[in-house]
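Read through the structure below, which is laid out as structure tokens, and then see the notes.
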Amino acid sequence: MTSKYNPQEIEIKWQARWAEDHLYEVRDDDPRPKFYALTMFPYTSGDLHVGHWYALAPIDAYARYMRMKGYNVLHPIGFDAFGLPAENVAIKQGIHPFIWTMNNIDTMRRQLKKMGNVYDWSREIITCLPEYYKWTQWLFLQLYHAGLAYRALAPANWCPHCQTVLANEQVMSDGTCERCQTPVTRRLLEQWFLRIARYAEELLNFDSLDWPERVKIMQHNWIGRSEGVEIAFPLAGGEEPISIFTTRPDTIYGVTFLVLAPEHPLVSQVTTNSHRQAVNAYIEAAARQSDIQRLSTEREKTGVFTGSYVINPLNGKQVPIFVADYVLLSYGTGAVMGVPAHDSRDFDFAKKYDIPIPVVIAPPGWQGEELAAAHVESGIMVNSGQFNGLSSEEGLKAITDLMEVQGYGKRTVTYRLRDWLISRQRYWGAPIPIVYCPQCGTVPVPESQLPVLLPEDAEFRPTGESPLKYNAAFLNTICPRCHSPAQRETDTMDTFICSSWYFLRYVSPHYNAGPFDPEKLRLWLPVDLYTGGVEHATMHLLYARFFTKALRDLGLVNFDEPFLRLVNNGTILADHQKMSKSRGNVINPDEYVSRLGADAMRAYLMFMAPWEQGGDWSAQGINGIARWLKRVWDLVHSERERGHKSVPNDSTLMELRRLIHKTTKKVAKDLEAFHLNVMLASLMEYTNFLAKMEKSYAIPEPLWQEAVEKLLLLLAPTAPHLAEELWQRMGHPYSIHNHPFPSWNEAMVTEEEFTLIIQVNGKLRDKVVVPVTITKEEVQALVSGRPRIQPYLKNGRVDRLFYIPGRLVNIVN
RNA sequence: GCCGAAGUGGCGGAAAGGCAGACGCGCUACGUUCAGGGCGUAGUGGGCUUACGCCCGUGGGGGUUCAAAUCCCCCCUUCGGCACCA
């Protein structure tokens with residue numbers, strides 16, 4: 001038996017053994033309570049880098065911990081395998097996306113296995129395989145039949161580089177593509193949408209979720225709920241009124257103009273002939289603007305008069321109608337009332353076009369002077385007829401009530417969230433199972449004909465055009481309804497659809513009567529713990545919540561939320577920068593694994609920083625962990641000679657016993673809270689203490705055995721290979737990973753004695769070890785007698801004394 | 001502009017309102033028949049002091065408290081989200 005720690009040797013050995021024994025195979029008929037721990041599955045980029053390890057190792061430790069705690073744990077892994085990079089490789093290098101993806105999966109699977117995670121590989125899923133995407137298509141059809149999927153002509157975000165449209169969530173706030181940072185342009189196209197906006201209100205409810213506050217806030221902001229009033233302004237001399245949306249009906253007496261978005265359908269109707277040329281020119285100019293230009297808040301407001309007027313329904317005044325591109329068609333009604341005195345955008349606009357700026361909400365101390373800037377806060381209403389003197393809050397309610405009674409106003413709620421655009425003009429995705437028939441129109445592919453397979457012989461053109469469009473065998477088909485010649489939809493689905501339900505597939509990965517076995521779904525779902533990067537806050541996480549709710553309404557699932565607890569891991573950096581191939585600063589984990597071991601890698605990634613924060617990779621830092629693991633190894637192999645060691649007294653032994661329990665509790669609590677760096681620090685302290693004890697004392701064998709056993713059990717989730725090896729070497733039966741996690745005795749966690757901190761006026765002056773049972777009176781007597789303290793006491797007296805039991809005493813005089 | 005998070009040694013970072021700097025990296029000294037990215041012991045916030053010790057110190061400034069890294073107010077910086085959303 002060698003006594004030198006050789007991580008590579010033992011890691012390979014145990015990985016093989018665990019696989020052979022199916023140690024981590026998950027059984028559905030296990031009677032223990034279930035726990036579903038999930039991490040966001042990786043995209044098949046081809047290389048498992050240190051960022052993957054960072055995301056995957058800690059939740060594996062958590063899953064292992066829950067196994068040891070007696071749960072039947074499902075902690076599966078799979079691959080998010082559709083997506084544009086595969087297609088770009090096809091265009092540039094002529095490698096078929098399927099080949100490239102599957103090769104990458106082989107590599108990644110091999111690399112993943114080196115981590116020693118508890119994955120049950122029989123449950124692996126790959127989203128680009130027909131056995132998976134058949135059900136992606138099937139789910140699309142269910143949504144379609146339920147009216148939750150529809151096709152519409154709409155201006156869409158177009159990425160010229162990716163050659164496809166994007167969902168709003170996939171356009172960054174600077175107007176660039178989420179994947180390639182290319183500025184996004186707009187294109188009017190027939191597109192497929194999912195009605196996520198219908199779920200806006202329910203998606204705002206996070207009551208049952210243990211999620212980071214920041215993710216909830218991001219989703220909340222993204223959904224953008226806004227309560228207001230829709231008001232109909234009758235056209236002067238016209239028939240149809242113009243509807244606007246406002247959150248400030250209390251300012252309606254200050255309306256001096258009305259603005260339509262350039263794309264608003266009524267623009268042409270309200271434009272008078274004498275203004276038509278100018279309006280058309282303006283609309284064309286607006287259309288040419290890129291999103292980035294148009295979204296800039298810095299830009300000067302522009303607009304053009306249409307020649308028509310509307311009547312303010314409250315005071316009967318005529319106000320001019322403008323077209324201006326600071327109003328967006330996609331929000332509210334695409335039209336706003338202009339209240340320059342109380343809205344900064346309207347103020348800018350009115351200044352530019354010399355429109356009056358009447359004050360109707362008086363700022364504090366207002367004397368009737370002109371405003372230098374819009375007063376957007378609340379105030380007392382003036383120049384507002386019968387409503388004068390009310391506060392703007394009261395006025396808002398009173399005016400709204402009046403308008404509702406008189407029938408031209410209606411309370412409404414508006415959301416920023418738009419329907420999810422899921423069409424992608426790309427090959428490497430799940431084809432949308434729709435056929436267009438000259439006779440029947442849009443016809444869903446019957447379920448019996450699923451999957452609609454991607455053609456293998458696709459041609460990848462350097463122009464980036466979708467190969468499906470030019471693949472006659474794919475494109476041309478027969479209408480499922482009337483059997484006349486028809487054409488297939490050539491767009492594929494956003495890959496975020498694949499990831500909106502993958503967590504359901506793991507429960508029955510090869511089930512072929514549906515996307516999932518309903519019984520197994522009931523057993524395992526929802527996911528108890530989900531981890532991944534925060535970058536998916538308003539994409540994947542929002543989509544998956546929507547999917548869950550939609551499937552619930554279809555009767556397919558019986559829960560409201562997919563992920564009960566969410567923990568975000570931070571990003572691992574190199575020299576304060578994101579790792580990327582283009583920067584050339586990617587840390588390759590394989591090198592460290594072969595030199596220091598997967599266990600060291602796992603432990604270091606957990607130790608280097610708070611997991612939720614992320615931080616810089618340090619090639620130096622990992623050595624500290626490797627040293628520690630070696631010390632653990634040496635501790636187990638220590639000779640245990642009794643020779644020249646002293647016999648420990650009872651209190652020394654008690655100290656060790658207490659530390660065992662304290663450390664056990666701390667490790668359990670810290671791991672549960674993902675305070676992994678602190679958890680490992682306490683394990684190191686424990687190791688250091690044991691080493692010191694062992695060196696100086698002849699510790700009774702049973703106690704020593706217990707101390708070391710506990711160390712291995714506490715270490716097992718973090719360093720599974722080392723723990724298994726040492727467990728075996730100590731003579732314990734295989735496997736440590738089936739052994740219960742140690743419990744602790746609360747009475748042993750509390751000390752009998754503690755170091756009382758003695759402060760005078762809040763400053764540390766002395767310390768003394770006292771029993772925990774000491775009373776305040778005893779403390780007072782004790783401290784006044786301390787020679788270090790006496791000089792600080794006036795006439796040897798203590799005026800006031802604060803005693804915090806078990807901690808400190810503060811003397812104030 | 002709005003919303004949110006965060007600022008602690010040379011570095012990563014610890015601290016239920018109660019000893020600031022746990023644990024680790026790095027560094028220093030000493031020891032070690034240590035060839036192979038060693039190992040052990042001690043030290044390591046700043047200043048003053050021969051010493052016992054004392055003073056200062058958690059981005060800056062106020063405040064609450066017996067006691068503040070922690071709570072409150074103002075400001076600065078960094079990061080993230082949203083941004084003409086009516």
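The chains referred to below are lettered A, B, ... by the order of the sequence lines, with proteins before strands, and numbering in each begins at 1.
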(message) Checking base pairs now: Watson-Crick or wobble, both atom distances under 3.5 Å. What partners B/U58?
(response) none

With a cut-off of 3.5 Å and sequence neighbours excluded, list every side-chain donor-acceptor pair involving residues 211-221 of chain A.
unit_1   : atom_1 : unit_2   : atom_2 : d
A/Trp211 : NE1    : A/Phe563 : O      : 2.8
A/Gln219 : OE1    : A/Arg545 : NH1    : 2.7
A/Gln219 : NE2    : A/Ala537 : O      : 2.8

(message) Categorize A/Arg800 for me: base, sugar-phosphate, or nothing, with a 4.0 angstrom heavy-atom threshold over every strand shown.
(response) sugar-phosphate

(message) Suppose we define a pair by two distances each less than 3.5 Å, Watson-Crick or G-U wobble; what does B/C71 pair with here?
(response) B/G63

(message) Which is more 5' along RNA chain B, the nucleotide nearest A/Gly614 or the one nearest A/Asn761? Just name the residue.
(response) A/Gly614

(request) Could you list the residues that satisfy ring pair (Phe, Tyr, Trp, His ring centres under 6.0 Å) with A/Phe347, not counting sequence neighbours? (result) none

(request) Sticking with atom C1', work out how far B/A5 lies from B/A86, rounded to a whole angstrom. (result) 29 Å

(message) Protein within reach of the bases, or only the backbone? For nucleotides 16-28 of chain B, mark each nucleotide 5' to 3' as B, S or -, using heavy atoms under 4.0 Å.
(response) B-BB--BBSSS--

(request) In whole angstrom, give me the gap between the P atoms of B/C79 and B/C74. (result) 23 Å

(message) Under the rule for salt bridge (Lys or Arg N to Asp or Glu O under 4.0 Å), what residues qualify as partners of A/Arg807, not counting sequence neighbours?
(response) none

(request) In whole angstrom, give the distance that lies between atom CD1 of A/Ile572 and atom P of B/G12. (result) 15 Å

(message) Is there a side-chain contact between A/Leu596 and A/Tyr604 in this structure, where contact means two heavy atoms from C-beta onward sitting under 4.5 Å apart?
(response) no

(message) Checking A/Arg627 now: which residues fulfil salt bridge (Lys or Arg N to Asp or Glu O under 4.0 Å) with it, not counting sequence neighbours?
(response) none

(message) Please report the distance separating the P of B/C23 from the corresponding atom of B/U33, rounded so that it comes out in whole Å.
(response) 29 Å

(message) What is the separation between atom OH on A/Tyr5 and atom P on B/C39, rounded to the nearest whole Å?
(response) 14 Å

(request) Let me know the distance between CG of A/Asp348 and P of B/A86, rounded to the nearest Å. (result) 17 Å

(request) Determine the contact category for A/Val336: base if any of its heavy atoms lies under 4.0 Å from a base atom, sugar-phosphate if only primed atoms, P, OP1 or OP2 are that close, otherwise nothing. (result) base

(request) Assign each of A/Ile811 and A/Arg416 to its nearest nucleotide of RNA chain B by heavy atoms, then name whichever residue's nucleotide is nearer the 5' end. (result) A/Ile811

Taking N or O atoms only and anything under 3.5 Å, show me the protein contacts with nucleotides 42-53 of chain B, one pair per line.
unit_1 : atom_1 : unit_2   : atom_2 : d
B/G53  : OP1    : A/Arg788 : NH2    : 2.7

(message) Less than 4.0 angstrom between a side-chain N/O of A/Lys301 and OP1 or OP2 of B/A86, yes or no?
(response) no

(message) Going by the rule side-chain contact (heavy atoms from CB on, under 4.5 Å), which residues pair with A/Val812 if we only count those two or more places apart in sequence or in a different chain?
(response) A/Asn761, A/Arg800, A/Phe802, A/Asn810

(request) For B/G61 and B/A68, measure between their P atoms and round to the nearest Å. (result) 15 Å

(request) Find the partner of B/U50: check Watson-Crick (N1-N3 plus N6-O4 or O6-N4) and G-U wobble (N1-O2, O6-N3) distances, both under 3.5 Å, and reply none if neither fits. (result) none

(request) Kindly compute the distance separating CG (A/Leu629) from CG (A/Asp634), expressed to the nearest 0.5 Å. (result) 11.0 Å

(request) Rounded off to whole Å, could you give me the CG-to-C1' distance for the A/Asn6 and B/G36 pair? (result) 14 Å

(request) Specify the separation, in whole Å, of atom CH2 of A/Trp222 and atom P of B/G80. (result) 17 Å

(message) What is the distance, to the nearest angstrom, from the OH atom on A/Tyr803 to the C1' atom on B/A67?
(response) 16 Å

(message) Applying the Watson-Crick and G-U wobble criteria at under 3.5 Å, what pairs with B/C79? Answer none if nothing qualifies.
(response) B/G4

(request) State which residues pass ring pair (Phe, Tyr, Trp, His ring centres under 6.0 Å) with A/Trp53; sequence neighbours excluded, sorted by chain then number. (result) none

(message) Can you tell me the base-pairing partner of B/G21? Count Watson-Crick or G-U wobble geometry only, both distances below 3.5 Å, and say none if there is no partner.
(response) none

(message) Once side-chain contact (heavy atoms from CB on, under 4.5 Å) is applied, do any residues pair with A/Thr687, and if so which ones, sequence neighbours excluded?
(response) A/Trp628, A/Val632, A/Leu635, A/Leu711

(message) Syn or anti for B/A51, given that syn means the glycosidic angle lies within 90° of 0?
(response) anti

(request) Just label B/G31 as syn or anti from its O4'-C1'-N9-C4 or O4'-C1'-N1-C2 angle, using within 90° of 0 for syn. (result) anti

(message) Does the structure show a Watson-Crick or G-U wobble partner for B/A16, both distances under 3.5 Å? Name it, or say none.
(response) none

(message) Ring-plane angle category for A/Tyr353 and A/Phe322, please: parallel below 30°, perpendicular beyond 60°, tilted otherwise.
(response) tilted

(request) Taking atom C1' in both B/G4 and B/C19, compute the distance separating them and give it to the nearest angstrom. (result) 34 Å

(message) Below 4.0 angstrom, which residues in residues 250-260 of chain A have at least one non-hydrogen atom near RNA chain B?
(response) none

(request) Quick one: label A/Lys763 by what it contacts on the DNA or RNA (base, sugar-phosphate, nothing), any heavy atom closer than 4.0 Å. (result) sugar-phosphate

(message) Quiz question: by atom type and distance under 3.5 Å, do the side chains of A/Thr302 and A/Tyr282 form a donor-acceptor pair?
(response) yes

(request) Please measure how far the P atom in B/G47 lies from the corresponding atom in B/C73, and state the result in whole Å. (result) 36 Å

(message) Quick one about A/Ser378 and A/Glu393 (side-chain donor to acceptor, distance below 3.5 Å, no hydrogens or angles considered), yes or no?
(response) yes

(message) I'd like to check the ring pair (Phe, Tyr, Trp, His ring centres under 6.0 Å) partners of A/His536; sequence neighbours left out, ordered by chain and number.
(response) A/His540

(message) Taking B/C39 as the reference, what is the distance to B/G24 when you measure between their P atoms (whole Å, please)?
(response) 13 Å

(request) Report the distance from atom CG of A/Asp634 to atom P of B/G38, rounded to the nearest whole Å. (result) 15 Å

(message) Holding to ring pair (Phe, Tyr, Trp, His ring centres under 6.0 Å), I want the full list of residues that pass it with A/Phe674, two or more places apart in sequence or in another chain.
(response) A/Tyr62, A/Trp611

(message) Return the pairing partner of B/A29 with a 3.5 Å limit on both distances, Watson-Crick or G-U wobble; otherwise return none.
(response) B/U41

(request) Give the rounded distance in Å between these two atoms: NZ of A/Lys216 and C1' of B/C3. (result) 16 Å

(message) When the C1' atoms of B/G26 and B/G9 are compared, how many Å lie between them, rounded to an integer?
(response) 12 Å

